[in-house]
Asks: 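Have a look at this one.
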Amino acid sequence: MTKGSEWWRSAVIYQIYPRSFADGNGDGMGDLKGIRERLPELAKLGIDAVWCSPFFRSPQKDAGYDVSDYRDIDPRFGTLKDFDDLVEEGKKLGIRIIVDLVPNHSSDQHPWFQEALRSEKGSKARERYMFRDGKGRNGELPPNNWPSVFGGAAWTRITEPDGTPGQWYLHIFDSSQPDFNWDNQEVREEFKDILRFWLDRGAGGFRIDVAHGLVKEDGLPDVEEASTTMSGEEGANKPKDRTKPHPFWGQEGVHEIIREWRKVVDEYDDRIMAAEAWVLPLSRMAKWVRQDEYHQSFNFGYLEAQWKADQLKQVVAESLVEFGNVGAPSTWVLSNHDVIRHATRFAYDQVPKQGDGIGPDYPQPDVARGLRRARAATSFMLGLPGGAYIYQGEELGLPEHTTLDGKYRQDPTYFRTKGERVGRDGCRVPIPWEAKAPAFGFSTTGESWLPQPAHYGEYARDLQEGVAGSTLELYKSLLKLRKQYGLGLGSLEWVEEYCSENSLGYTNNGILVIANFNGTPIKLPAGEVMVTSQVGLTTALEHDQVAWIKL
Ligand code: NOJ
């Protein structure tokens, strides 16, 4: 049952990566106070909600996706009172605060895991996680061939309390992130309680981490291929023709858990759950957003589409059909904290696969090309019906930090692959607010947990605010018109005249959106030009440009 305004059907949700958004106490690490102080800037941008990546107590081995206490704020980010203040400020500004819940695994420092290590094989404490005996004569081999997403094996052997080499535990991510056993009733009850804890505090809802990974296939059979992406595929748009689901991604058993959670969330008005479900094809992902499951799911098929007419047309059409079939809105997203920022991604014809990142040894991007395409891609995306996600900094046209030195890197991927895959730090660098301030206004002291490249100053918000043609003003115009014309709740029709190998055109609630990818100039039709991805386009669109026209 759904109650309330269903605001999420057309919402634009802004992702905050707390470490890198704004530092309110000068220690070089972003925090909740910093977010609250900067929230009015986001209200000016015109978003409906923010999703904050995890701020719970955590040893920060995977930037907070390793939680040791789900009911407290890590002191690096503030206190529960800071969270309450943030929710209050959000209410004043009309911005909901969405919490990032991490149910697939905890930190190895979580009291439950520590108890499991102290307890014996077969104990109730071990049952909450995925402990197994090893293979080989003395159990010296891992129980199966599953790879960790961050590199290496997904199993680590423990030393038993009596000092002997012992069982192995599963960790689909880092060894500091043991997977929970979701067949365990206590785990299930615990998470429902955690949901209530944050809902009672006024959270607008949850982004659920690794929503497709909780349940593992009975017997834990070997994987056919050791892919390290979060879909188990080498590219979101090229799913394998599998006869059965992957043994740890997208198992059917997750749906029962989601339904239990949905009941809890529906006890409260107007709260939502959004799934991070790297599930393919989209017809399968759509199952995650059936009426009694998640409200929304990220659309990774869209995120992984290249800036190419055929790929975008295909994924938009498929998304609208598949999500529409289950009565859910589609969502659209181009960037987040796990992928190369789209202002850089689109500069390349071939990009490294998800999670690998770009380092100083990789061919460096053509920054101008990337930005021009990124602005066009966002202009194309924000005209589409449904919900949209924006990742902090993209409204400034911020590129990836592609030359970050290895000595600063923190992503476990870097360490687990001995630097072979540099990982995701390049999209997580603190964002610039003021061109002339220390750390570009991220912190008052100039401290910054990852160093910002000097050229980040050129993207500072204060240089763009009120400046016609800036990326920030482009985002503001797009979001304002999107709201004004109700595009989120509209419907899309392709305009065949503009759909070709090199261009696309669609209408939504009386707005015609035309994109020129790579072709000869397209003459703009009669009608009022409302916004364009580059200033001054009044008669024709050249390559990598988009225009919105009121018919
Ligand atoms: C997905 C998150 O987005 C990513 O940042 C994290 O490393 C993994 N899940 C593990 O929690």
Side-chain angles (χ1 to χ4, degrees), residues 13 15-21 51-68 70 74 98-110 113 129-130 146-152 154 170-180 182 191 194 206-214 216 227-232 236 248-250 254 273-279 288 296-300 303-304 331 333-341 353-357 389 391-392 400 409-417 421-429 450:
I13 301 180
Q15 181 190 356
I16 288 184
Y17 196 63
R19 307 177 137 238
S20 305
F21 184 71
W51 141 39
C52 290
S53 280
F55 40 56
F56 316 104
R57 257 186 205 272
S58 155
Q60 304 288 317
K61 290 282 170 55
D62 182 23
Y65 284 95
D66 50 317
V67 182
S68 56
Y70 290 87
D74 194 277
I98 294 176
V99 169
D100 198 329
L101 191 70
V102 189
N104 180 68
H105 45 264
S106 69
S107 156
D108 60 355
Q109 298 307 308
H110 190 288
F113 192 72
Y129 292 91
M130 304 288 290
W146 293 3
S148 152
V149 169
F150 296 154
L170 177 68
H171 51 87
I172 295 298
F173 296 91
D174 188 47
S175 55
S176 63
Q177 295 166 296
D179 280 47
F180 280 116
W182 274 91
F191 272 90
I194 293 167
F206 304 94
R207 175 263 188 191
I208 308 279
D209 189 60
V210 201
H212 60 312
L214 311 185
K216 279 75 184 180
S227 167
T228 54
T229 63
M230 273 192 271
S231 59
F248 56 88
W249 295 137
V254 292
M273 294 196 302
E276 187 214 19
W278 295 78
V279 178
W288 264 249
Q296 295 188 337
S297 174
F298 298 132
N299 190 338
F300 292 115
L303 188 150
E304 292 209 338
T331 62
V333 59
L334 289 166
S335 283
N336 67 32
H337 67 293
D338 289 329
V339 301
I340 295 161
R341 284 181 173 278
K353 68 177 197 288
Q354 188 271 316
D356 285 6
Y389 280 82
Y391 176 50
Q392 66 179 37
E400 184 90 354
R409 295 210 174 255
Q410 303 214 5
D411 185 347
T413 310
Y414 181 74
F415 302 103
R416 290 183 66 87
T417 62
R421 293 161 59 202
V422 294
R424 303 159 296 172
D425 292 310
C427 62
R428 300 174 171 181
V429 174
L450 282 177

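The analysis underlying the following values was restricted to heavy atoms, covering all of them including side chains, and did not include hydrogens, waters or symmetry mates. Throughout, numbering of the chain's residues begins at 1 and tracks the sequence. Counting starts at 1 for both ligands and their atoms, in listed order.
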Asks: Can you tell me how the ring of F56 sits relative to the ring of Y70, calling it parallel under 30°, perpendicular over 60° and tilted otherwise?
Replies: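 Taking Y70 first and then F56, their aromatic rings sit tilted (interplane angle of 30° to 60°).
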Asks: For R424, take its heavy atoms, then give the atoms of ligand 1 lying under 4.0 Å from any of them.
Replies: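 Every atom of ligand 1 under 4.0 Å from some heavy atom of R424: 4 (C), 5 (O), 6 (C), 7 (O).
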Asks: What is the nearest protein non-hydrogen atom to atom 2 (C) of ligand 1, stated with its residue, atom name and distance?
Replies: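 Ranking protein heavy atoms by distance from atom 2 (C) of ligand 1, first comes D209 OD1, 3.1 Å.
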Asks: Any idea which part of R207 is under 4.0 Å from ligand 1, heavy-atom wise: side chain, backbone, both or neither?
Replies: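 The answer is the side chain.
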Asks: Quick one: which ligand 1 atoms are inside 4.0 Å of a heavy atom on H105?
Replies: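 Here the atoms of ligand 1 in question are 10 (C), 11 (O).
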Asks: Can you classify the ring geometry of F298 versus Y389 as parallel (below 30°), tilted (30 to 60°) or perpendicular (above 60°)?
Replies: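 Judged by the thresholds at 30° and 60°, the geometry between F298 and Y389 is perpendicular.
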Asks: Side chains of F21 and C52: does their closest heavy-atom pair fall under 4.5 Å?
Replies: no
Asks: Does ligand 1 have a heavy atom under 4.0 Å from the side chain of K61, from its backbone, from both, or from neither?
Replies: neither
Asks: What residue and heavy atom of the protein are closest to atom 6 (C) of ligand 1, and at what distance?
Replies: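 Going atom by atom, the protein heavy atom closest to atom 6 (C) of ligand 1 ends up being D62 OD2, 3.4 Å.
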Asks: State the atoms of ligand 1, each with its element, that fall below the 4.0 Å cut-off from a heavy-atom position in R428.
Replies: 5 (O)
Asks: Report the nearest protein non-hydrogen atom to atom 8 (C) of ligand 1: residue, atom name, distance rounded to 0.1 Å.
Replies: F173 CE2, 3.7 Å
Asks: Nearest protein heavy atom to atom 3 (O) of ligand 1, by residue and atom, and its distance?
Replies: D338 OD2, 2.4 Å
Asks: Would you say D174 and D66 make side-chain contact, with heavy atoms under 4.5 Å?
Replies: no
Asks: Number the atoms of ligand 1 from 1 as they appear, then name those within less than 4.0 Å of a heavy atom of V210, with their elements.
Replies: 9 (N)
Asks: Going by heavy atoms in the side chains, are H337 and Q15 under 4.5 Å from each other?
Replies: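 The answer is yes, as the side chains (C-beta and beyond) meet within the 4.5 Å cut-off.
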Asks: Would you kindly specify which portion of F150 sits under 4.0 Å from ligand 1, judged on non-hydrogen atoms: side chain, backbone, both or neither?
Replies: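 The side chain, only.
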Asks: Before giving the answer on ring-ring contact (aromatic ring centres under 6.0 Å, His included), spell out for H212 and F300 the whole-Å C-alpha distance, their side-chain angles and the decisive distance to 0.1 Å.
Replies: CA-CA 13 Å; H212 60 312; F300 292 115; 8.0 Å; no
Asks: Are D108 and S176 side-chain neighbours, meaning at least one heavy-atom pair lies under 4.5 Å?
Replies: yes
Asks: Is it true that R428 and D338 make a salt bridge, defined as a side-chain N closer than 4.0 Å to a carboxylate O?
Replies: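 Counted as a salt bridge, because a side-chain N and a carboxylate O are separated by less than 4.0 Å.
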